[in-house]
Amino acid sequence: MVSGGAIQIPSRLPLLLTHEGVLLPGSTVRFSVDSPRNMHLVRERLLKGTSLKSTIIGVIPNTRDPEHDTDDLPTLHKIGTAGIAVQVVGSNWPKPHYTLLITGLCRFSVSSLLKERPFVLAEVKQLDQLERYTTPQRDATATDDGELGELSEKFYQAAVQLLGMLDMSVPVVAKFRRLLDSLPRETLPDVVASMIRTSNKEKLQVLDALSLEERFKKALPMLTRQMEGLKLLQKTRKTSPDNEKRVLVRKGTVFPGRQFNLDEEDEDDDGDDTAALERKVHGANMPEAALKICLKELKRLKKMPQSMPEYALTRNYLDLMVELPWSKSTKDCLDIRAARTLLDNDHYAMNKLKRRVLEYLAVRQLKTSLKGPILCFVGPPGVGKTSVGRSIARTLGREFHRIALGGVCDQSDIRGHRRTYVGSMPGRIINGLKTVGVNNPVFLLDEVDKLGKSLQGDPAAALLEVLDPEQNHGFTDHYLNVAFDLSQVLFIATANTTATIPPALLDRMEVLEVPGYTQEEKVEIAHRHLIPNQLEQHGLTPQQLHIPQSTTPDIISRYTREAGVRSLERKIGAICRAVAVKVAEGHTLTKTETLTPENSKQHGDKAAPPELPIVIDHIALKDILGPPVFEMEVSERLTLPGVALGLAWTPLGGEIMFVEASRMEGEGQLTLTGQLGDVMKESAHLAISWLRANAKTYQLTNMVGGSDPLEGTDIHLHFPAGAVTKDGPSAGVTIVTCLASLFSGRLVRSDVAMTGEITLRGLVLPVGGIKDKVLAAHRAGVKRVILPKRNEKDLEELPANVRANLDFITATNLDEVLNASFDGGFPGVSSTRAHPQLTSKL
Ligand code: ADP
């Protein structure tokens, strides 16, 4: 465009009113625009236009406050610069705006305004001659000698002199030097004024200087001032040559017709940057040792060329160091009474846990020290472990950060990589501190039971160091390579089971069990917390959606099967989404349709659809969530001999577990299927041996009526439901009952579930997880639970309503189990038979 001979800019130009900079011919400036007029101009002219001409706009400096240019047009500056928009970038963040890159072409003056909206369009008069740009150098000034010639020569010499003071080895400076000779002299004031440090006011003076002579006169003092400043700087800062370069070159200056951008000159920022970094290092309030390292690294950084890969590494390191909260902390504001209210408001039930947490906080307050065991909440998913952790942080007025440890098997995840590695980074602890920005947050170490182990070292060992109050004031992340004091951090851990927590780690913790919830508790939690929360998250109100107390038990028992409330929360979320769509549709319906007479009759005159609130009953539930996922299968399944219901414990909570057996002709083989562990297989063999030994007593028979149940018979035992590996001895009584049913042809009572380990001699030994197991039985609608006598004490932990609803049979031997499992007892059991005593210590 600029190199193509005599060029006229269009006589009608859309005008961009700018308040942040002055565009001079020959320079390229970035403008950010967000006022309505400018936005219209960009959208309707620059983004829609297809010709080169449509990218030419007039840029008029607007000295008025940008906030007030929405309504009437301000008085415009009389002279502007026509320019080509070479780049348009739009963004919506933080508010809608465009960023334009505009290269100035020539001056113009406004003759008349044609329209003011949606953007300003004006009749303009071109003031500079564009074709002169292509005339060979010197020609233009050679003709008019005299004062102008002198001025321009003086200006040129000054520019050369300025360049001479700069480091020629910097490519940008060298390029500028070449351009200085090839550019027509009369363009120099504009180009130089836009490059050197000048204020907007000064640039306006240059813009307004219409005669070339005046322009030289205005720009020359600026150039001289720049040189003097530079000289002064060189005197005072002999040591750091980098600092000189930044004086000259302003970013974003482009020479007309050439793809040359002084943006390449980055070092000019560097001086500023390292200086700023140095200031930050001193201001970060870090301990002596860290400060020393930082200053050393800073010194190295200053000597490094930016292109070196290590530069970025060192830079990142220093950025992290200054960002870390070495001595920034929040003030603890612990008020035990307020804490109690907060915990109660946030969580229903879990009284034992809440009490223990309050005790813990109270002790902390009295002792004002963090030493002591780390709380570890152990329980199935979705029972509120994370949520209690969050509440603790809130009661203390501390920041909260969750560190997920599930699957972490490399100790550098905790302790960071040494900086010699490419892509090395700090560990999760240091990263967490950077995120929260204070040195006394509450860190929730989530899923400590799922830590892995690998060749890269044991993460548990690293974690141990983090948690040890004797060591953690000097925790050294490999990346930082200097100690960071973690003693103010409050750690809380969570796990699904204590079984897989590394013992050394477990030793440091105080385990607080968080059991699953009963159906009644879940209903309360749903109505007090989950439903209100979900309504809010989906922008709904109770006036729009109502889930009655009678519906929730159905959601719980027919659409979820869990110890916690996580999928319950999800189901409620699904209902909210479905209703949100209906409500949104309802609104448009009423808006568009109330106008017609029939509609207004139908809907009345109300703006809201008449069917609000939408009530979720059983039909709505089925419509939204689909057919029930879980039916009450217990009674259905127990309609054949050879099925019994056991209770299992998994890290996800208690579960009911069916045991099925069938027999066929064969050679006395036992087949076991259904993801079993070794202990479970042993239980099966034990059960069979005991039944064979007692076959006569119980009148058990094989398929042809013989007295050895295994003779000529193969037996298949299966443990269906779920792909979870089942192990543990607690299925013993269930296997015995199941096989007794098979061999006797009698049905096990359909409302009985059981758990207990067996011995070869028919004793029933205690097992773990009673509470979770009983809750699972209760969830599944079981009426009677058989458990080992020695587990009786565990029943005290159960909620009263569960205890009231269930019939507990405690057994010391298998006779009692069988008697309780079959309607009318189990025949053949003679009450005179002497049972081995539990104290016999097998
Ligand atoms: P966890 O960490 O045990 O897996 P979360 O803390 O993530 O479980 O809890 C899942 C959801 O259930 C959260 O929205 C939480 O607020 C809610 N929740 C769990 N237990 C309760 C409770 N007793 N009272 C209120 N809300 C609860």
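Counting starts at 1 for both ligands and their atoms, in listed order.
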Q: Could you tell me, atom by atom, which parts of ligand 1 come under 4.0 Å of a heavy atom of P381?
A: 4 (O)
Q: Looking at non-hydrogen atoms alone, which of V378, T386, D446 comes nearest to atom 2 (O) of ligand 1?
A: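 It is T386 that holds the nearest heavy atom.
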Q: Salt-bridge test for K771 and D794: reply yes if a basic N is under 4.0 Å from a carboxylate O, no otherwise.
A: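 No, this pair does not count.
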Q: What residue and heavy atom of the protein are closest to atom 24 (N) of ligand 1, and at what distance?
A: Y348 N, 3.0 Å
Q: Would you mind listing which atoms of ligand 1 come within a distance below 4.0 Å of any non-hydrogen atom of H347?
A: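 Those atoms are 24 (N), 25 (C).
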Q: Whether R402 and D446 form a salt bridge (side-chain N of Lys/Arg under 4.0 Å from carboxylate O of Asp/Glu) is what I want to check.
A: yes
Q: Starting from atom 21 (C) of ligand 1, find the nearest protein heavy-atom neighbour and note its residue, name and distance.
A: Y517 OH, 3.7 Å
Q: Among the heavy atoms of A349, does any lie under 4.0 Å from an atom of ligand 1?
A: no
Q: Check for me whether the distance between the ring centres of F443 and H401 falls short of 6.0 Å.
A: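 Yes: the rings meet the under 6.0 Å criterion.
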Q: If you have a sec, work out which protein heavy atom is nearest atom 14 (O) of ligand 1 and how many Å separate them, to one decimal?
A: E569 OE2, 2.9 Å
Q: What protein heavy atom sits nearest atom 7 (O) of ligand 1, and how far off is it?
A: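 Looking only at protein heavy atoms, the one closest to atom 7 (O) of ligand 1 is R566 NH2, 3.3 Å.
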Q: I'd like to know whether ligand 1 has G564 as a neighbour, heavy-atom separation below 4.0 Å.
A: no
Q: Has T476 got a side-chain atom pairing as donor or acceptor with G474's backbone, closer than 3.5 angstrom?
A: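 Looks like yes, one N/O pair under 3.5 Å.
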Q: Decide, yes or no, whether a salt bridge links K783 with D751 under the criterion of side-chain N to carboxylate O below 4.0 Å.
A: no
Q: So, taking the atom named CG in D772 and the one named CD in E513, what distance separates them when rounded to the nearest 0.5 Å?
A: 8.0 Å
Q: So if I count the atoms of ligand 1 from 1 in the order they appear, which ones are less than 4.0 Å from some heavy atom of V565?
A: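 Those of ligand 1 that fall under 4.0 Å from V565 are 12 (O), 17 (C), 18 (N), 19 (C).
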Q: Can you tell whether the side chains of E359 and R356 come within less than 4.0 Å, N to carboxylate O?
A: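 Salt bridge flag = yes for R356 with E359.
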Q: Distance-only, no hydrogens or angles: does the Y517 side chain make a donor-acceptor pair with backbone N or O of V383 under 3.5 Å?
A: yes
Q: Tell me: protein heavy atom nearest atom 10 (C) of ligand 1, and distance?
A: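 Protein heavy atom with the smallest distance to atom 10 (C) of ligand 1: G382 CA, 4.0 Å.
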Q: In the protein, which heavy atom is nearest to atom 26 (N) of ligand 1, and how far is it?
A: I525 CG2, 3.7 Å
Q: Below 4.0 angstrom from a heavy atom of G384, which ligand 1 atoms are there? Numbered from 1 as shown, please.
A: 1 (P), 3 (O), 5 (P), 6 (O), 8 (O), 9 (O), 19 (C), 20 (N)
Q: Please could you name the atoms of ligand 1 that K385 approaches to less than 4.0 Å, counting only its heavy atoms?
A: 1 (P), 2 (O), 3 (O), 4 (O), 6 (O), 8 (O)
Q: Taking the non-hydrogen atoms of F377, is any one of them nearer than 4.0 angstrom to ligand 1?
A: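 F377: no contact with ligand 1 (<4.0 Å).
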Q: Which value, rounded to the nearest 0.5 Å, describes the distance between M321 atom CE and K434 atom NZ?
A: 13.5 Å
Q: Which ligand 1 atoms, with their elements, are less than 4.0 angstrom from a heavy-atom of D346?
A: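 By the 4.0 Å cutoff, the relevant atoms are 24 (N), 25 (C).
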Q: Does the distance from a Lys or Arg side-chain N to an Asp or Glu carboxylate O, for E465 and R415, drop under 4.0 Å?
A: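 Here E465 pairs with R415 in a salt bridge, since their nearest N and O are under 4.0 Å apart.
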Q: Using a 4.0 Å cut-off to any heavy atom of S387, which atoms of ligand 1 qualify?
A: 6 (O), 15 (C), 16 (O)
Q: Of all the non-hydrogen atoms in the protein, which one sits nearest to atom 25 (C) of ligand 1, and at what distance?
A: H529 CD2, 3.2 Å
